[in-house]
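Heads up: the structure comes next, in C-alpha coordinates.
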Amino acid sequence: MSRENLLALFIFAICSGGFFIWGYQYIPTNHFFLFSIASIFGIFMAFNIGGNDVANSFGTSVGAKTLTLKQALIIAAIFELSGAIFAGSEVTATIRNGIIKFPEDGMNPMKFVAIMTSALLSSGLWLFYATKRGLPVSTTHSIVGGIVGAGVIMGYTTYGSQEALGMISWKGIGSIVFSWVISPLLGGAVSYVIYKYIKRKILEPTHELKLSLKALKNERKAYKEEFIRSLKSLPKDVQISTITRMAMIDEDDIENNGYSEYKSNIKKMKEREKALDTFSAMKKHIPFIASFAAMVISGMMLFKGLKHLNLTVSTIQTIWIIFVIGALAYLASFAIINVMNKNDSEKSINRIFSWFQIFTASSFAFSHGANDIANAVGPFAAILDVLKTGTINEASPIPSVAMVTFGIALVIGLWFLGKEVITTIGSKLAEILPTTGFSAELAASLVILLATKLGIPVSSTHILIGAVLGIGIVNNNANWSMVKPILLAWVITLPTAAVSSAVIYIGLENILGL
(Lines give C-alpha, C1' and ligand atoms only; values in the text may rest on other atoms or scores of the structure.)
Protein backbone atom coordinates (compact mmCIF):
# COMPACT_ATOMS: atom_id res chain seq x y z
CA MET A 1 0.00 0.00 0.00
CA SER A 2 1.33 3.45 -0.92
CA ARG A 3 2.24 6.07 1.63
CA GLU A 4 -0.65 8.28 0.42
CA ASN A 5 -3.16 5.49 1.08
CA LEU A 6 -1.69 4.77 4.49
CA LEU A 7 -1.87 8.46 5.39
CA ALA A 8 -5.49 8.63 4.24
CA LEU A 9 -6.41 5.60 6.33
CA PHE A 10 -4.58 7.01 9.35
CA ILE A 11 -6.46 10.32 9.13
CA PHE A 12 -9.73 8.46 8.67
CA ALA A 13 -9.06 6.23 11.70
CA ILE A 14 -8.17 9.20 13.91
CA CYS A 15 -11.28 11.16 12.90
CA SER A 16 -13.57 8.16 13.29
CA GLY A 17 -12.12 7.32 16.69
CA GLY A 18 -12.59 10.89 17.85
CA PHE A 19 -16.14 10.87 16.56
CA PHE A 20 -17.07 7.77 18.57
CA ILE A 21 -15.53 9.30 21.70
CA TRP A 22 -17.61 12.44 21.10
CA GLY A 23 -20.74 10.34 20.57
CA TYR A 24 -20.24 8.49 23.85
CA GLN A 25 -20.39 11.82 25.66
CA TYR A 26 -23.13 13.37 23.49
CA ILE A 27 -25.92 10.80 23.84
CA PRO A 28 -27.25 8.71 26.74
CA THR A 29 -25.01 5.73 27.46
CA ASN A 30 -27.80 3.19 26.97
CA HIS A 31 -28.09 4.25 23.32
CA PHE A 32 -24.39 4.08 22.51
CA PHE A 33 -24.77 0.68 20.79
CA LEU A 34 -27.38 2.08 18.40
CA PHE A 35 -25.23 5.16 17.92
CA SER A 36 -22.27 2.98 16.99
CA ILE A 37 -24.26 0.97 14.43
CA ALA A 38 -25.79 4.09 12.90
CA SER A 39 -22.38 5.79 12.78
CA ILE A 40 -20.74 2.86 11.00
CA PHE A 41 -23.52 2.67 8.43
CA GLY A 42 -23.67 6.45 8.00
CA ILE A 43 -19.91 6.77 7.51
CA PHE A 44 -20.06 3.85 5.09
CA MET A 45 -22.77 5.68 3.13
CA ALA A 46 -20.69 8.90 3.01
CA PHE A 47 -17.69 6.83 1.90
CA ASN A 48 -19.63 5.46 -1.05
CA ILE A 49 -21.14 8.83 -1.97
CA GLY A 50 -17.57 10.03 -2.37
CA GLY A 51 -16.62 7.02 -4.43
CA ASN A 52 -19.54 7.30 -6.85
CA ASP A 53 -20.36 10.98 -7.14
CA VAL A 54 -16.81 12.31 -7.51
CA ALA A 55 -17.08 11.48 -11.22
CA ASN A 56 -19.71 14.22 -11.48
CA SER A 57 -16.98 16.74 -10.75
CA PHE A 58 -13.73 15.50 -12.26
CA GLY A 59 -14.49 12.58 -14.58
CA THR A 60 -14.35 14.74 -17.70
CA SER A 61 -11.19 16.53 -16.49
CA VAL A 62 -9.36 13.21 -16.22
CA GLY A 63 -10.81 11.99 -19.51
CA ALA A 64 -9.58 15.13 -21.27
CA LYS A 65 -6.14 14.68 -19.66
CA THR A 66 -6.48 18.13 -18.15
CA LEU A 67 -5.63 16.53 -14.81
CA THR A 68 -4.05 13.27 -13.81
CA LEU A 69 -6.15 10.93 -11.72
CA LYS A 70 -4.18 11.75 -8.58
CA GLN A 71 -4.42 15.50 -9.20
CA ALA A 72 -8.18 15.18 -9.72
CA LEU A 73 -8.59 13.20 -6.50
CA ILE A 74 -6.58 15.75 -4.49
CA ILE A 75 -8.44 18.78 -5.88
CA ALA A 76 -11.80 17.02 -5.54
CA ALA A 77 -10.97 16.15 -1.92
CA ILE A 78 -10.23 19.79 -1.11
CA PHE A 79 -13.40 21.22 -2.66
CA GLU A 80 -15.76 18.39 -1.67
CA LEU A 81 -14.63 18.64 1.97
CA SER A 82 -14.77 22.44 1.89
CA GLY A 83 -18.32 22.33 0.56
CA ALA A 84 -19.41 19.79 3.17
CA ILE A 85 -17.85 21.62 6.12
CA PHE A 86 -18.35 25.29 5.26
CA ALA A 87 -21.57 25.23 3.24
CA GLY A 88 -23.32 22.07 4.40
CA SER A 89 -26.72 22.35 6.02
CA GLU A 90 -26.80 22.91 9.76
CA VAL A 91 -30.34 21.52 9.99
CA THR A 92 -31.87 18.72 7.92
CA ALA A 93 -35.45 17.56 7.58
CA THR A 94 -35.88 14.13 9.12
CA ILE A 95 -38.32 13.00 6.40
CA ARG A 96 -36.19 13.01 3.25
CA ASN A 97 -37.71 14.77 0.21
CA GLY A 98 -41.31 14.23 1.31
CA ILE A 99 -41.23 10.70 -0.14
CA ILE A 100 -42.79 9.00 2.87
CA LYS A 101 -44.90 10.32 5.72
CA PHE A 102 -44.73 8.56 9.05
CA PRO A 103 -47.59 8.58 11.56
CA GLU A 104 -47.55 11.75 13.64
CA ASP A 105 -48.57 10.09 16.90
CA GLY A 106 -47.92 6.76 18.51
CA MET A 107 -44.90 5.70 16.51
CA ASN A 108 -42.06 4.14 18.48
CA PRO A 109 -39.02 6.46 17.99
CA MET A 110 -36.72 3.42 17.97
CA LYS A 111 -38.54 2.10 14.91
CA PHE A 112 -37.74 5.37 13.22
CA VAL A 113 -34.09 4.87 14.16
CA ALA A 114 -34.20 1.37 12.66
CA ILE A 115 -35.71 2.74 9.43
CA MET A 116 -33.01 5.36 8.96
CA THR A 117 -30.26 2.93 9.92
CA SER A 118 -31.54 0.37 7.42
CA ALA A 119 -31.73 3.04 4.73
CA LEU A 120 -28.12 4.08 5.32
CA LEU A 121 -26.80 0.51 5.10
CA SER A 122 -28.88 -0.52 2.07
CA SER A 123 -27.99 2.67 0.18
CA GLY A 124 -24.32 2.30 1.05
CA LEU A 125 -24.23 -1.32 -0.13
CA TRP A 126 -25.90 -0.50 -3.45
CA LEU A 127 -23.60 2.46 -4.06
CA PHE A 128 -20.57 0.31 -3.23
CA TYR A 129 -21.64 -2.32 -5.76
CA ALA A 130 -22.44 0.25 -8.45
CA THR A 131 -19.14 2.06 -7.86
CA LYS A 132 -17.06 -1.11 -8.13
CA ARG A 133 -18.82 -1.80 -11.43
CA GLY A 134 -18.02 1.73 -12.60
CA LEU A 135 -21.72 2.68 -12.81
CA PRO A 136 -22.61 6.29 -11.91
CA VAL A 137 -25.96 6.31 -10.08
CA SER A 138 -27.98 8.78 -8.03
CA THR A 139 -27.10 8.79 -4.34
CA THR A 140 -30.31 10.73 -3.62
CA HIS A 141 -32.50 8.10 -5.29
CA SER A 142 -30.61 5.44 -3.38
CA ILE A 143 -31.27 6.92 0.08
CA VAL A 144 -34.88 7.69 -0.83
CA GLY A 145 -35.36 4.08 -1.89
CA GLY A 146 -33.85 2.90 1.37
CA ILE A 147 -36.18 5.06 3.47
CA VAL A 148 -39.23 3.99 1.43
CA GLY A 149 -38.40 0.28 1.71
CA ALA A 150 -37.78 0.28 5.46
CA GLY A 151 -40.67 2.68 6.09
CA VAL A 152 -43.19 0.60 4.19
CA ILE A 153 -42.19 -2.66 5.86
CA MET A 154 -42.42 -0.92 9.23
CA GLY A 155 -45.89 0.33 8.30
CA TYR A 156 -46.94 -3.14 7.16
CA THR A 157 -45.78 -4.92 10.31
CA THR A 158 -47.14 -2.21 12.61
CA TYR A 159 -50.31 -0.82 11.00
CA GLY A 160 -51.22 -3.08 8.08
CA SER A 161 -50.76 -3.13 4.32
CA GLN A 162 -53.26 -0.39 3.46
CA GLU A 163 -51.75 2.12 5.87
CA ALA A 164 -48.22 1.17 4.74
CA LEU A 165 -48.95 1.95 1.10
CA GLY A 166 -50.74 5.13 2.10
CA MET A 167 -47.56 6.42 3.74
CA ILE A 168 -45.82 6.67 0.37
CA SER A 169 -45.93 9.92 -1.58
CA TRP A 170 -46.60 8.49 -5.03
CA LYS A 171 -46.25 11.97 -6.45
CA GLY A 172 -42.71 12.06 -5.08
CA ILE A 173 -41.94 8.65 -6.58
CA GLY A 174 -43.35 9.88 -9.87
CA SER A 175 -41.02 12.87 -9.70
CA ILE A 176 -38.04 10.54 -9.36
CA VAL A 177 -39.18 8.45 -12.33
CA PHE A 178 -39.69 11.70 -14.26
CA SER A 179 -36.13 12.73 -13.40
CA TRP A 180 -34.78 9.54 -15.01
CA VAL A 181 -35.98 10.96 -18.31
CA ILE A 182 -35.73 14.73 -17.91
CA SER A 183 -32.28 14.86 -16.26
CA PRO A 184 -30.22 13.24 -19.06
CA LEU A 185 -32.37 14.88 -21.76
CA LEU A 186 -31.80 18.36 -20.34
CA GLY A 187 -28.09 17.70 -19.82
CA GLY A 188 -27.71 16.33 -23.33
CA ALA A 189 -29.67 19.12 -25.00
CA VAL A 190 -27.80 21.94 -23.25
CA SER A 191 -24.34 20.39 -23.76
CA TYR A 192 -25.23 19.81 -27.44
CA VAL A 193 -26.02 23.51 -27.87
CA ILE A 194 -22.96 24.72 -25.95
CA TYR A 195 -20.48 22.48 -27.71
CA LYS A 196 -22.10 23.08 -31.10
CA TYR A 197 -21.54 26.80 -30.55
CA ILE A 198 -17.91 26.29 -29.51
CA LYS A 199 -17.29 23.98 -32.45
CA ARG A 200 -18.85 26.24 -35.09
CA LYS A 201 -17.70 29.60 -33.77
CA ILE A 202 -14.23 28.74 -32.41
CA LEU A 203 -12.87 25.32 -33.31
CA GLU A 204 -13.77 25.14 -36.99
CA PRO A 205 -12.94 28.81 -37.88
CA THR A 206 -9.63 28.58 -35.99
CA HIS A 207 -8.75 25.37 -37.80
CA GLU A 208 -9.58 26.94 -41.17
CA LEU A 209 -7.53 30.05 -40.37
CA LYS A 210 -4.63 27.87 -39.33
CA LEU A 211 -4.83 25.95 -42.62
CA SER A 212 -4.95 29.22 -44.55
CA LEU A 213 -1.87 30.49 -42.71
CA LYS A 214 -0.10 27.22 -43.38
CA ALA A 215 -0.95 27.54 -47.09
CA LEU A 216 0.48 31.06 -47.19
CA LYS A 217 3.67 29.91 -45.47
CA ASN A 218 3.96 27.01 -47.89
CA GLU A 219 3.50 29.44 -50.77
CA ARG A 220 6.33 31.63 -49.44
CA LYS A 221 8.51 28.58 -48.90
CA ALA A 222 7.85 27.36 -52.46
CA TYR A 223 8.63 30.82 -53.82
CA LYS A 224 11.93 30.84 -51.92
CA GLU A 225 12.84 27.39 -53.20
CA GLU A 226 11.98 28.40 -56.76
CA PHE A 227 14.13 31.53 -56.47
CA ILE A 228 17.06 29.52 -55.14
CA ARG A 229 16.72 27.03 -58.01
CA SER A 230 16.64 29.83 -60.58
CA LEU A 231 19.61 31.51 -58.90
CA LYS A 232 21.66 28.32 -59.03
CA SER A 233 21.13 28.13 -62.77
CA LEU A 234 22.94 31.47 -63.26
CA PRO A 235 26.74 31.90 -63.57
CA LYS A 236 28.54 32.16 -60.25
CA ASP A 237 29.57 35.79 -60.74
CA VAL A 238 25.91 36.72 -61.36
CA GLN A 239 24.86 34.75 -58.26
CA ILE A 240 27.38 36.62 -56.13
CA SER A 241 26.36 39.98 -57.63
CA THR A 242 22.67 39.33 -57.04
CA ILE A 243 23.10 38.16 -53.46
CA THR A 244 25.39 41.10 -52.66
CA ARG A 245 22.92 43.61 -54.09
CA MET A 246 20.05 42.04 -52.15
CA ALA A 247 22.01 42.11 -48.90
CA MET A 248 22.86 45.80 -49.27
CA ILE A 249 19.30 46.97 -50.01
CA ASP A 250 17.10 48.00 -47.10
CA GLU A 251 14.09 45.71 -47.19
CA ASP A 252 11.80 48.51 -46.04
CA ASP A 253 13.00 50.89 -48.76
CA ILE A 254 10.35 49.97 -51.27
CA GLU A 255 10.93 53.17 -53.24
CA ASN A 256 14.50 52.11 -54.12
CA ASN A 257 14.70 51.56 -57.87
CA GLY A 258 17.10 48.72 -57.31
CA TYR A 259 14.77 46.97 -54.88
CA SER A 260 14.83 43.25 -55.43
CA GLU A 261 11.61 41.81 -56.83
CA TYR A 262 12.25 38.75 -54.76
CA LYS A 263 12.49 40.66 -51.48
CA SER A 264 9.46 42.73 -52.40
CA ASN A 265 7.38 39.62 -52.97
CA ILE A 266 8.64 38.00 -49.78
CA LYS A 267 7.69 41.14 -47.84
CA LYS A 268 4.18 41.12 -49.32
CA MET A 269 3.78 37.46 -48.44
CA LYS A 270 4.85 38.07 -44.85
CA GLU A 271 2.41 40.96 -44.58
CA ARG A 272 -0.43 38.72 -45.78
CA GLU A 273 0.54 36.11 -43.19
CA LYS A 274 0.68 38.74 -40.46
CA ALA A 275 -2.72 40.11 -41.46
CA LEU A 276 -4.24 36.64 -41.06
CA ASP A 277 -5.13 36.47 -37.33
CA THR A 278 -5.63 32.84 -36.37
CA PHE A 279 -6.80 34.02 -32.93
CA SER A 280 -9.64 36.18 -34.27
CA ALA A 281 -12.39 33.63 -33.55
CA MET A 282 -10.98 33.05 -30.08
CA LYS A 283 -10.84 36.78 -29.30
CA LYS A 284 -14.44 37.22 -30.40
CA HIS A 285 -16.10 34.25 -28.71
CA ILE A 286 -14.00 32.85 -25.84
CA PRO A 287 -14.37 35.94 -23.58
CA PHE A 288 -18.12 35.71 -24.05
CA ILE A 289 -18.09 32.00 -23.15
CA ALA A 290 -15.86 32.67 -20.14
CA SER A 291 -18.20 35.40 -18.93
CA PHE A 292 -21.28 33.20 -19.40
CA ALA A 293 -19.60 30.25 -17.65
CA ALA A 294 -18.45 32.41 -14.73
CA MET A 295 -21.97 33.74 -14.23
CA VAL A 296 -23.49 30.25 -14.38
CA ILE A 297 -20.96 28.81 -11.93
CA SER A 298 -21.19 31.76 -9.54
CA GLY A 299 -24.98 31.52 -9.75
CA MET A 300 -24.87 27.82 -8.91
CA MET A 301 -22.53 28.56 -5.99
CA LEU A 302 -24.65 31.41 -4.62
CA PHE A 303 -28.06 29.81 -5.15
CA LYS A 304 -27.16 26.16 -4.47
CA GLY A 305 -23.63 25.66 -3.14
CA LEU A 306 -23.88 28.36 -0.45
CA LYS A 307 -27.64 28.25 0.16
CA HIS A 308 -27.20 26.76 3.63
CA LEU A 309 -25.06 29.67 4.86
CA ASN A 310 -28.10 32.00 4.96
CA LEU A 311 -26.12 34.89 3.51
CA THR A 312 -27.77 38.27 4.08
CA VAL A 313 -27.61 39.23 0.41
CA SER A 314 -30.69 40.32 -1.53
CA THR A 315 -31.62 38.91 -4.92
CA ILE A 316 -30.62 42.18 -6.62
CA GLN A 317 -27.25 42.14 -4.87
CA THR A 318 -26.72 38.50 -5.81
CA ILE A 319 -27.48 39.22 -9.47
CA TRP A 320 -25.11 42.19 -9.40
CA ILE A 321 -22.34 40.02 -7.90
CA ILE A 322 -22.89 37.47 -10.67
CA PHE A 323 -22.76 40.23 -13.31
CA VAL A 324 -19.49 41.65 -11.91
CA ILE A 325 -17.92 38.17 -11.85
CA GLY A 326 -18.96 37.69 -15.48
CA ALA A 327 -17.42 41.03 -16.49
CA LEU A 328 -14.15 40.20 -14.74
CA ALA A 329 -14.04 36.80 -16.45
CA TYR A 330 -14.57 38.47 -19.83
CA LEU A 331 -11.69 40.91 -19.31
CA ALA A 332 -9.35 38.27 -17.85
CA SER A 333 -9.91 35.77 -20.67
CA PHE A 334 -9.48 38.49 -23.34
CA ALA A 335 -6.18 39.53 -21.77
CA ILE A 336 -4.99 35.90 -21.62
CA ILE A 337 -5.80 35.35 -25.30
CA ASN A 338 -3.84 38.46 -26.27
CA VAL A 339 -0.83 37.23 -24.29
CA MET A 340 -1.03 33.86 -26.04
CA ASN A 341 -1.44 35.42 -29.50
CA LYS A 342 1.96 34.27 -30.81
CA ASN A 343 1.44 30.63 -29.85
CA ASP A 344 -0.18 27.82 -31.82
CA SER A 345 -3.87 28.75 -31.98
CA GLU A 346 -5.37 25.26 -31.64
CA LYS A 347 -3.08 24.32 -28.76
CA SER A 348 -4.00 27.61 -27.11
CA ILE A 349 -7.70 26.71 -27.34
CA ASN A 350 -7.10 23.44 -25.50
CA ARG A 351 -4.96 25.19 -22.90
CA ILE A 352 -7.58 27.87 -22.21
CA PHE A 353 -10.45 25.39 -21.97
CA SER A 354 -8.32 23.20 -19.68
CA TRP A 355 -8.15 26.12 -17.26
CA PHE A 356 -11.88 26.71 -17.62
CA GLN A 357 -12.52 23.03 -17.01
CA ILE A 358 -10.61 22.96 -13.73
CA PHE A 359 -12.58 25.98 -12.56
CA THR A 360 -15.98 24.49 -13.42
CA ALA A 361 -15.05 21.09 -11.96
CA SER A 362 -13.87 22.63 -8.68
CA SER A 363 -17.07 24.64 -8.35
CA PHE A 364 -19.11 21.54 -9.14
CA ALA A 365 -17.26 19.62 -6.43
CA PHE A 366 -17.85 22.36 -3.84
CA SER A 367 -21.56 22.47 -4.61
CA HIS A 368 -21.78 18.67 -4.49
CA GLY A 369 -20.00 18.51 -1.14
CA ALA A 370 -22.33 21.17 0.26
CA ASN A 371 -25.52 19.40 -0.82
CA ASP A 372 -25.16 15.66 -1.44
CA ILE A 373 -23.34 14.96 1.82
CA ALA A 374 -26.84 15.40 3.29
CA ASN A 375 -27.80 12.05 1.76
CA ALA A 376 -25.64 10.45 4.44
CA VAL A 377 -25.54 12.97 7.26
CA GLY A 378 -29.26 13.85 7.02
CA PRO A 379 -30.65 10.44 8.04
CA PHE A 380 -27.84 10.08 10.58
CA ALA A 381 -28.67 13.45 12.15
CA ALA A 382 -32.28 12.30 12.45
CA ILE A 383 -31.10 9.15 14.25
CA LEU A 384 -28.82 11.17 16.51
CA ASP A 385 -31.65 13.53 17.43
CA VAL A 386 -33.96 10.66 18.38
CA LEU A 387 -31.27 8.96 20.45
CA LYS A 388 -30.59 12.20 22.33
CA THR A 389 -34.15 13.53 22.80
CA GLY A 390 -36.23 10.32 22.64
CA THR A 391 -38.70 11.94 20.22
CA ILE A 392 -39.10 12.31 16.44
CA ASN A 393 -38.75 15.95 15.42
CA GLU A 394 -39.50 17.58 12.07
CA ALA A 395 -35.96 18.95 11.82
CA SER A 396 -32.70 17.77 13.34
CA PRO A 397 -29.56 19.78 14.05
CA ILE A 398 -26.32 18.47 12.59
CA PRO A 399 -23.38 18.78 15.00
CA SER A 400 -20.25 20.20 13.37
CA VAL A 401 -18.22 17.16 14.38
CA ALA A 402 -20.62 14.91 12.45
CA MET A 403 -20.38 17.11 9.34
CA VAL A 404 -16.58 17.05 9.49
CA THR A 405 -16.40 13.29 10.06
CA PHE A 406 -18.83 12.49 7.24
CA GLY A 407 -17.06 14.98 4.98
CA ILE A 408 -13.75 13.22 5.59
CA ALA A 409 -15.42 9.84 4.95
CA LEU A 410 -16.66 11.21 1.62
CA VAL A 411 -13.13 12.28 0.69
CA ILE A 412 -11.68 8.91 1.70
CA GLY A 413 -14.31 7.20 -0.42
CA LEU A 414 -13.46 9.20 -3.51
CA TRP A 415 -9.77 8.54 -2.88
CA PHE A 416 -10.15 4.76 -2.73
CA LEU A 417 -13.19 4.12 -4.95
CA GLY A 418 -13.43 7.07 -7.31
CA LYS A 419 -11.20 5.67 -10.05
CA GLU A 420 -13.77 3.28 -11.53
CA VAL A 421 -16.56 5.79 -12.07
CA ILE A 422 -14.11 8.47 -13.23
CA THR A 423 -12.96 6.07 -15.94
CA THR A 424 -16.56 5.53 -17.08
CA ILE A 425 -17.35 9.24 -17.29
CA GLY A 426 -13.97 10.24 -18.68
CA SER A 427 -13.37 7.67 -21.39
CA LYS A 428 -16.09 5.05 -21.86
CA LEU A 429 -19.07 7.19 -22.88
CA ALA A 430 -17.48 9.49 -25.47
CA GLU A 431 -14.14 10.99 -26.39
CA ILE A 432 -13.40 13.81 -23.97
CA LEU A 433 -11.20 16.81 -24.80
CA PRO A 434 -10.81 20.06 -22.83
CA THR A 435 -13.47 21.75 -24.99
CA THR A 436 -15.93 18.85 -24.74
CA GLY A 437 -15.28 18.31 -21.04
CA PHE A 438 -15.86 22.00 -20.33
CA SER A 439 -19.05 21.96 -22.38
CA ALA A 440 -20.41 18.98 -20.43
CA GLU A 441 -19.57 20.49 -17.04
CA LEU A 442 -20.98 23.90 -17.94
CA ALA A 443 -24.16 22.32 -19.30
CA ALA A 444 -24.60 20.26 -16.13
CA SER A 445 -24.04 23.33 -13.95
CA LEU A 446 -26.54 25.37 -15.96
CA VAL A 447 -29.23 22.68 -15.80
CA ILE A 448 -28.69 22.18 -12.05
CA LEU A 449 -28.92 25.95 -11.48
CA LEU A 450 -32.15 26.27 -13.46
CA ALA A 451 -33.66 23.14 -11.89
CA THR A 452 -32.80 24.40 -8.41
CA LYS A 453 -34.53 27.73 -9.04
CA LEU A 454 -37.56 26.17 -10.78
CA GLY A 455 -37.94 23.28 -8.33
CA ILE A 456 -37.58 20.59 -10.99
CA PRO A 457 -36.46 17.22 -9.52
CA VAL A 458 -33.25 16.31 -11.32
CA SER A 459 -30.17 14.20 -10.59
CA SER A 460 -26.72 15.74 -11.05
CA THR A 461 -25.35 12.31 -11.99
CA HIS A 462 -28.00 11.77 -14.66
CA ILE A 463 -27.54 15.30 -15.99
CA LEU A 464 -23.80 14.88 -16.47
CA ILE A 465 -24.20 11.51 -18.18
CA GLY A 466 -26.66 13.11 -20.58
CA ALA A 467 -24.29 16.04 -21.12
CA VAL A 468 -21.39 13.76 -22.06
CA LEU A 469 -23.64 11.82 -24.44
CA GLY A 470 -24.78 15.11 -25.97
CA ILE A 471 -21.15 15.82 -26.84
CA GLY A 472 -20.83 12.32 -28.25
CA ILE A 473 -23.82 12.93 -30.51
CA VAL A 474 -22.24 16.10 -31.93
CA ASN A 475 -18.97 14.25 -32.64
CA ASN A 476 -20.63 10.93 -33.59
CA ASN A 477 -18.60 8.97 -31.03
CA ALA A 478 -21.15 8.23 -28.27
CA ASN A 479 -20.69 4.74 -26.83
CA TRP A 480 -24.31 3.58 -26.68
CA SER A 481 -23.35 0.08 -25.55
CA MET A 482 -22.11 1.59 -22.26
CA VAL A 483 -25.36 3.49 -21.82
CA LYS A 484 -27.48 0.33 -21.41
CA PRO A 485 -26.00 -0.88 -18.09
CA ILE A 486 -26.01 2.70 -16.76
CA LEU A 487 -29.69 3.16 -17.59
CA LEU A 488 -30.49 -0.20 -16.01
CA ALA A 489 -28.61 0.84 -12.87
CA TRP A 490 -30.62 4.07 -12.71
CA VAL A 491 -33.92 2.23 -12.97
CA ILE A 492 -33.13 -0.40 -10.34
CA THR A 493 -31.44 1.97 -7.86
CA LEU A 494 -34.60 2.90 -5.97
CA PRO A 495 -36.25 -0.58 -5.89
CA THR A 496 -32.96 -2.33 -5.07
CA ALA A 497 -32.28 0.03 -2.17
CA ALA A 498 -35.90 -0.31 -1.04
CA VAL A 499 -35.95 -4.13 -1.02
CA SER A 500 -32.59 -4.50 0.70
CA SER A 501 -33.55 -1.83 3.26
CA ALA A 502 -36.76 -3.70 4.03
CA VAL A 503 -34.79 -6.92 4.66
CA ILE A 504 -32.29 -5.09 6.86
CA TYR A 505 -35.11 -3.45 8.82
CA ILE A 506 -36.68 -6.82 9.59
CA GLY A 507 -33.34 -8.00 10.91
CA LEU A 508 -32.86 -4.89 13.07
CA GLU A 509 -36.43 -5.11 14.33
CA ASN A 510 -35.80 -8.64 15.58
CA ILE A 511 -32.38 -7.83 17.03
CA LEU A 512 -33.62 -4.75 18.88
CA GLY A 513 -36.88 -6.38 19.95
CA LEU A 514 -39.08 -3.74 18.33
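All values below come from the heavy atoms of this structure, side chains included, with hydrogens, waters and symmetry mates left out. Residue indices begin at 1 and follow the sequence shown. Predicted, not measured: the structure shown is a model, and the values here were computed from it.
- For Ser61, the side-chain hydrogen bond (donor to acceptor under 3.5 Å, both in side chains) partners at least two apart in sequence or on another chain are Glu441.
- Between Ser118 and Ala150, the shortest heavy-atom contact is CB-CB, 4.0 Å.
- In this structure, the side chains of Cys15 and Val404 stay at 4.5 Å or more apart for every pair of heavy atoms.
- Under the ring pair (Phe, Tyr, Trp, His ring centres under 6.0 Å) criterion, Tyr195 pairs with no residue, sequence neighbours left out.
- Taking CH2 of Trp415 as the start and CZ of Phe12 as the end, the distance is 15.5 Å to the nearest 0.5 Å.
- Asn475 places no side-chain N or O within donor-acceptor distance of the main-chain N or O of Asn477, the cut-off being under 3.5 Å.
- When side chains are defined from C-beta on, Tyr197 does not count as touching Val193, because their heavy atoms never get closer than 4.5 Å.
- Ser439 and Ile471 get closest at one heavy-atom pair: CB-CD1, 3.7 Å.
- Not counting sequence neighbours, the partners of Phe353 by the ring pair (Phe, Tyr, Trp, His ring centres under 6.0 Å) test are Phe356, Phe438.
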Extract all donor-acceptor atom pairs below 3.5 Å that involve side chains of residues 125-138 and protein atoms in other chains or at least two apart in sequence.
unit_1	atom_1	unit_2	atom_2	d
Trp126	NE1	Thr493	OG1	3.0
Tyr129	OH	Arg133	NH1	2.7
Thr131	OG1	Asn52	ND2	3.1
Thr131	OG1	Leu127	O	2.6
Ser138	OG	Thr140	N	3.4
Ser138	OG	His141	N	3.1

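- Taken from CZ in Phe292 to CD1 in Ile297, the straight-line distance is 10.0 Å, to the nearest 0.5 Å.
- Take Phe406 and apply the ring pair (Phe, Tyr, Trp, His ring centres under 6.0 Å) test, not counting sequence neighbours, and it matches Phe380.
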Under 3.5 Å, side-chain donor or acceptor atoms of residues 502-514 against the rest of the protein: list the pairs with distances, not counting sequence neighbours.
unit_1	atom_1	unit_2	atom_2	d
Tyr505	OH	Glu509	OE2	3.3
Asn510	ND2	Ile506	O	3.2

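- Listed by chain and residue number, Leu302, Phe303, Val313, Ile322 satisfy the side chain to side chain contact (heavy atoms under 4.5 Å, CB included) test with Thr318 (two or more places apart in sequence, or in another chain).
- Side-chain contact between Gln71 and Val62 is absent, with no heavy-atom pair separated by less than 4.5 Å.
- For Tyr156, the ring pair (Phe, Tyr, Trp, His ring centres under 6.0 Å) test picks out no residue, with sequence neighbours left out.
- Here the closest non-hydrogen pair linking Leu387 and His31 is O-CD2, 3.2 Å.
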Does the side-chain contact (heavy atoms from CB on, under 4.5 Å) test come out yes or no for Asn48 and Leu417, once each step is laid out? CA-CA 8 Å; Asn48 287 289; Leu417 293 182; 3.6 Å; yes
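- Under a cut-off of 6.0 angstrom, the local environment of NZ in Lys65 is sparse, with at most 12 non-hydrogen atoms contributed by other residues, nucleotides or ligands.
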In a table with atom names and distances, give each donor-acceptor pair under 3.5 Å that connects a side chain of residues 480-487 to protein atoms at least two apart or in another chain.
unit_1	atom_1	unit_2	atom_2	d
Ser481	OG	Asn479	OD1	2.6

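- When all heavy atoms of Thr66 and Pro434 are compared, the pair lying nearest together is OG1-CG, 4.1 Å.
- Atom CD1 of Ile21 and atom OH of Tyr24 lie 11.5 Å apart (nearest 0.5 Å).
- The two residues Gly466 and Ser191 have their closest heavy-atom pair at O-OG, 4.2 Å.
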Could you go through residues 34-46 and list every donor-acceptor pair under 3.5 Å that involves a side-chain atom there, pairing it with any protein atom two or more places apart or in another chain?
unit_1	atom_1	unit_2	atom_2	d
Ser36	OG	Phe32	O	2.9
Ser39	OG	Phe35	O	2.7

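- Qualifying side chain to side chain contact (heavy atoms under 4.5 Å, CB included) partners for Val401, counting only residues two or more places apart in sequence or in other chains: Phe19, Trp22, Pro399, Thr405.
- Atom CD1 of Ile194 is separated from atom CD1 of Ile289 by 9.0 Å, given to the nearest 0.5 angstrom.
- A donor-acceptor pair under 3.5 Å is formed between the side chain of Ser501 and the backbone N or O of Gly146.
- Of the possible polar contacts, one joining the Gln357 side chain to the Thr60 backbone as a donor-acceptor pair under 3.5 Å is found.
- Residues satisfying the salt bridge (Lys or Arg N to Asp or Glu O under 4.0 Å) test with Lys388, not counting sequence neighbours, are none.
- The two residues Phe112 and Ala382 make their nearest non-hydrogen contact at CE2-CB, 3.8 Å.
- Taken from CD1 in Ile153 to OG1 in Thr158, the straight-line distance is 9.5 Å, to the nearest 0.5 Å.
- For the pair Ser123 (side chain) and Leu120 (backbone), a donor-acceptor distance under 3.5 Å is absent.
- To the nearest 0.5 Å, atoms CD1 (Ile143) and CD1 (Ile49) are separated by 7.5 Å.
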